[in-house]
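Here's the structure, in structure tokens; my notes come after.
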Amino acid sequence: MQHTQSATLGPTAPSSSRMLASYLTDIEQLLDEQRWDAALREACDLPRIAVALSDPELRCSGEGVGTWCAQWLPGTEAATGTDDAATATIQGTTPGPAQVPARALRRLQLRRHVRTPPRGYRPRQDDGLDPQEAQSAETGLALIGAARRWYARSGCHDPTVQNNLARLAVLR
């Protein structure tokens, strides 16, 4: 089932999937702590996770990720920079048949029983960031926002996504 709902920016309802919400909050925490490599690695997996959750066999392809990014990341070039390496990281570089992003799904799955402590209010310290750190923060936040929009406007209504989240919640 293909959803063609608008991917415009704007406030979105928080995810009702505790596992997904915890995963997104963890990435935000990594960004707050300025752990750029870990935050960007996790954030760049979000499109692969979303595409896989939308597939009955939990598979995703580079093409599917590209389509997801085009729909849910408005101004993808602006969100990911024009850097081909960054775009390749987000879209994945595996040509050929769709594959299960097992490592990314496993990290998501591990969040199913974790209770994330409240983050509290920490003002962003973006002023002192070098350009690469600022780009990492911007990319991570754009991907988190896109994942939240996708789930709120599409994933929470998609029976395949809900079935796959349930499967991940009970698999060990």
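The first residue in the sequence is number 1, and the count goes up from there.
- Under a 3.5 Å cut-off, the side chain of Arg48 and the backbone N or O of Ala104 do not form any donor-acceptor pair.
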Exercise. Can Trp150 and Leu73 be said to form a side chain to side chain contact (heavy atoms under 4.5 Å, CB included), step by step?
Worked result: CA-CA 10 Å; Trp150 164 78; Leu73 271 172; over 6 Å; no

Problem set entry | Intermediate values then yes/no, side chain to side chain contact (heavy atoms under 4.5 Å, CB included), Trp36 and Leu129 | CA-CA 11 Å; Trp36 309 118; Leu129 300 179; 3.6 Å; yes

For this session: Starting from the C-alpha separation in whole Å, work towards a yes-or-no answer on side chain to side chain donor-acceptor pair (under 3.5 Å) for Gln135 and Thr139.
Result: CA-CA 6 Å; Gln135 182 66 39; Thr139 300; 3.2 Å; yes

Exercise. Does the side chain to side chain contact (heavy atoms under 4.5 Å, CB included) test come out yes or no for Leu53 and Leu168, once each step is laid out?
Worked result: CA-CA 10 Å; Leu53 288 173; Leu168 289 173; 3.8 Å; yes

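- In this structure, Asn164 contributes its side chain and Asp55 its backbone to a donor-acceptor pair below 3.5 Å.
- At a threshold of 4.0 Å, the pair Arg148-Glu28 counts as salt-bridged, since one of the basic side-chain nitrogens sits closer than that to a carboxylate oxygen.
- Once rounded to the nearest 0.5 Å, the distance linking CZ of Arg103 with CD1 of Ile49 reads 10.0 Å.
- Asn163 contributes a side-chain N or O that, together with a main-chain N or O of Pro159, makes up a donor-acceptor pair within less than 3.5 Å.
- Summarising the geometry, atom CD belonging to Glu133 is positioned 11.5 Å from atom CG belonging to Leu31; distances are rounded to the nearest 0.5 Å.
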For this session: Step by step, work out the side chain to side chain contact (heavy atoms under 4.5 Å, CB included) result for Ser17 and Tyr23.
Result: CA-CA 10 Å; Ser17 166; Tyr23 191 71; over 6 Å; no

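- The heavy-atom pair separating Ser54 from Thr160 by the smallest distance is O-CG2, 3.5 Å.
- Shortest non-hydrogen contact noted between Cys44 and Pro47 is O-CD, 3.4 Å.
- Cys60 SG to Trp68 CH2: the interatomic distance, rounded to the nearest 0.5 Å, is 11.5 Å.
- The structure places CG of Leu165 at 5.0 Å from CE of Met19, a figure rounded to the nearest 0.5 Å.
- Within 6.0 Å of CG in Asp130 there are more than 12 heavy atoms belonging to other residues, nucleotides or ligands.
- Going from atom CD of Gln162 over to atom CZ of Arg167 covers 13.5 Å, rounded to the nearest 0.5 Å.
- Leu30 and Ile144 sit in two unconnected hydrophobic clusters of ILVMFWY residues. Membership requires side-chain heavy atoms under 4.5 Å apart, directly or through other members.
- Here the shortest heavy-atom pairing between Leu40 and Gly140 reads CD1-N, 4.2 Å.
- A donor and an acceptor atom, one from each side chain of Gln132 and Ser136, are nowhere located under 3.5 Å apart.
- Between atom CG of residue Leu143 and atom SG of residue Cys69 there is a gap of 6.5 Å, rounded to the nearest 0.5 Å.
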